[in-house]
2 protein chains.
Amino acid sequence: MTIKAVCSKFNVSPDTLRYYERVGVIPEVHRTSGGIRDYTEDDIKWVETATCFRSAGMPIELLIEYVRLFREGDHTIKARCELLKEARDLILAERRKIDDALEKMDGKIKVYERAVETGRLEWDDNSCCCCNKSKE
Amino acid sequence: MTIKAVCSKFNVSPDTLRYYERVGVIPEVHRTSGGIRDYTEDDIKWVETATCFRSAGMPIELLIEYVRLFREGDHTIKARCELLKEARDLILAERRKIDDALEKMDGKIKVYERAVETGRLEWDDNSCCCCNKSKE
DNA sequence: ATACATCCTGGAGTTAACTCCAAGTCAATA
DNA sequence: TATTGACTTGGAGTTAACTCCAGGATGTAT
C-alpha cells in the first residue's frame with residue numbers, strides 16, 4: 001500500500017508518516033526495490049496503533065520506547081506490559097481532566113442558555129463555578 | 001491573594017499566570033498600589049476556569065475569544081453560549097479519541113499480561129488490533 | 001535604613017510534534 | 001524516450017504554549 005493510501009486511511013500527512021518512521025514511532029516500513037515505501041499489513045497496523053494512541057494525547061516518546069523494546073525481542077515483554085499500563089494511567093488521568101472540564105462547561109452552558117432566553121445571566125453558585133458574572 | 005498563592009492553589013507557574021493575563025486568557029488582574037498582582041475572588045475564579053479548561057486541552061485561542069466577548073458586555077451572551085457549545089463538542093471529540101485508545105490499550109495489556117505468565121504473546125485478532133506480533 | 005525575598009516588564013528561548021522545502025529519484029503514460 | 005507526477009532524503013522552519021532571563025521596583029524583617 002502506498003504512503004498516500006495509508007495517509008487517507010488514517011487521515012494523516014505523508015510528512016507525518018515519514019516523521020514517525022524516522023524517529024521510531026513505528027518500525028521501518030517495507031520498501032519497493034526502488035526504495036519507495038510499500039506498507040504491509042503489519043506496517044499498517046503499526047500506523048493504526050500509533051495514530052490512535054497519538055490522537056489520545058499519548059506522547060511520542062512513549063511510543064518510541066515501546067517500539068525500541070519491541071525490537072529488542074521477547075525478553076522485553078514484561079517491560080512493554082509495564083509501559084502500556086503506565087500509558088493507560090496517563091490517558092485515564094487525561095480523561096478525568098476532560099470530565100471535570102465538561103462538568104464545568106455544562107454548568108456554564110446551562111446558565112447561558114437561560115440567559116439567551118431571559119436576557120440576563122444568573123449564576124448559580126453551587127451548580128457552576130463561574131468567574132464570569134455579568135457585572136451590574 | 002498573591003500570585004504565588006494562586007499558583008500553588010492551581011498548580012501552575014507564575015510565568016504561566018502572567019502569560020495568561022498578557023495574552024487575554026483571563027481578564028486583567030487586580031493590583032496593589034505598587035503594581036503587584038493581588039488576585040480577587042473573581043480573578044481566582046477566572047484562573048480556575050482557565051486552568052481547568054486548558055488541562056482538558058481546550059485551545060488558548062478559544063479562551064481568549066471568550067474573554068474578549070465577555071468584555072464586550074451582555075450583548076455577546078448568545079455568542080458566548082455558542083462558543084461554549086463549540087468548545088464542548090471539541091472536548092467531547094477528544095474524549096471519544098481517548099476512549100478508542102483506551103479500548104485498544106486494554107486489549108494489548110490483556111495480551112501482554114497473559115504473555116508475562118506464559119512467556120509468549122498470543123494476539124487475538126478480534127479483541128485487539130495489534131501490529132506487534134512476536135515474530136516467529 | 002538596609003538587606004533580602006518577591007514581584008514587575010518586555011522580550012528572547014524552549015519543547016513537542018509536526019510541516020515545509022530543495023534537489024534529486026522512480027514509475028506510469030503518451 | 002520524454003514528460004509528468006508521486007516519491008525520496010536531510011535539514012530547516014513553524015506553531016502552540018509555555019518558560020526563562022535581565023534589569024529594575026516593591027515589601028517586609030531586622
Side-chain angles (χ1 to χ4, degrees), chain A residues 1-26 28-40 43-44 46-47 49-68 87 90-91 94 97-98 101, chain B residues 1-26 28-40 43-44 46-47 49-68 87 90-91 94 97-98 101:
Chain A
M1 201 180 225
T2 69
I3 196 170
K4 199 155 208 191
V6 178
C7 285
S8 60
K9 190 169 164 63
F10 297 109
N11 205 33
V12 289
S13 75
D15 271 321
T16 298
L17 286 189
R18 285 190 283 254
Y19 165 71
Y20 281 180
E21 188 178 349
R22 176 156 40 150
V23 302
V25 167
I26 58 175
E28 286 190 10
V29 168
H30 175 251
R31 306 292 182 112
T32 66
S33 56
I36 288 185
R37 286 175 185 79
D38 181 26
Y39 291 76
T40 65
D43 292 333
I44 291 167
W46 276 105
V47 172
T49 303
T51 53
C52 173
F53 286 8
R54 272 299 301 134
S55 77
M58 179 161 161
I60 264 180
E61 228 7 272
L62 278 188
L63 289 166
I64 291 173
E65 177 67 5
Y66 181 77
V67 171
R68 207 186 58 70
L90 220 140
I91 292 189
E94 284 309 302
K97 288 186 215 154
I98 281 183
Chain B
M1 201 180 222
T2 70
I3 196 171
K4 198 155 209 189
V6 179
C7 285
S8 61
K9 188 168 166 65
F10 296 109
N11 205 32
V12 289
S13 76
D15 271 322
T16 299
L17 287 189
R18 285 190 284 254
Y19 165 72
Y20 280 0
E21 190 178 347
R22 177 158 37 154
V23 302
V25 167
I26 57 175
E28 288 191 9
V29 167
H30 175 252
R31 307 291 182 113
T32 66
S33 56
I36 287 184
R37 285 175 185 81
D38 181 26
Y39 291 77
T40 65
D43 292 334
I44 291 168
W46 276 104
V47 172
T49 303
T51 52
C52 174
F53 286 7
R54 271 301 300 134
S55 78
M58 178 161 162
I60 264 179
E61 226 11 88
L62 279 189
L63 289 166
I64 292 172
E65 177 66 5
Y66 181 76
V67 171
R68 205 185 59 69
L90 219 142
I91 293 190
E94 283 309 302
K97 288 187 213 153
I98 281 184

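Convention: sequence-line order gives letters A, B, ...; per-chain numbering from 1.
- Between A:Tyr19 and A:Thr32, the residue anchored nearer the 5' end of DNA chain C, judged by the nucleotide with its closest heavy atom, is A:Tyr19.
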Short heteroatom pairs, N/O only, protein and nucleotides 7-9 of chain C, under 3.5 Å:
| residue | atom | partner | partner atom | Å |
| --- | --- | --- | --- | --- |
| C:dC8 | OP1 | B:Arg37 | N | 2.8 |
| C:dC8 | OP1 | B:Arg37 | NH1 | 2.8 |
| C:dC8 | OP2 | B:Arg18 | NH1 | 2.6 |
| C:dC8 | OP2 | B:Arg37 | NH1 | 3.3 |
| C:dC8 | O5' | B:Arg37 | NH1 | 3.4 |
| C:dC8 | O3' | B:Arg31 | NH1 | 3.4 |
| C:dT9 | OP1 | B:Arg31 | NH1 | 3.2 |
| C:dT9 | OP1 | B:Arg31 | NH2 | 3.1 |
| C:dT9 | OP2 | B:Arg37 | NH1 | 3.1 |
| C:dT9 | OP2 | B:Arg37 | NH2 | 2.8 |

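- Using a distance-only test at 3.5 Å, with no hydrogens or angles considered, a donor-acceptor pair links the side chain of A:Glu21 to the main chain of A:Val29.
- When the P atom of C:dA17 is taken as reference, atom CG of A:Leu17 falls 16 Å away, rounded to whole Å.
- When every heavy atom of A:Val47 is checked against every heavy atom of A:Val6, the shortest pair comes out as CG1-CG1, 4.0 Å.
- Looking at every heavy atom in both residues, A:Ala50 comes nearest to A:Val25 through CB-CG1, 3.7 Å.
- Between A:Thr16 and the phosphate of C:dT19, there is a side-chain N or O to OP1/OP2 separation shorter than 4.0 Å.
- Using a 4.5 Å cut-off on side-chain heavy atoms (C-beta onward), A:Thr16 and A:Tyr20 make contact.
- The backbone N or O of B:Met1 sits less than 3.5 Å from a side-chain atom of B:Asp38, completing a donor-acceptor pair.
- At whole-Å resolution of the value, CD in A:Glu61 and C1' in C:dT15 are 12 Å apart.
- In this structure, B:Met58 atom CE and D:dA16 atom P are separated by 15 Å, rounded to whole Å.
- Looking at the side chain of B:Arg22, the nearest of the listed nucleotides D:dG10, D:dC18, C:dG11 is C:dG11.
- At least one side-chain heavy atom of A:Ile60 sits under 4.5 Å from a side-chain heavy atom of A:Arg54.
- A straight line from CD of B:Glu21 to P of C:dG10 spans 11 Å, rounded to a whole angstrom.
- When distances run from any side-chain atom of B:Ser13 to the nucleotides C:dC18, D:dT19, D:dG11, the shortest one goes to D:dT19.
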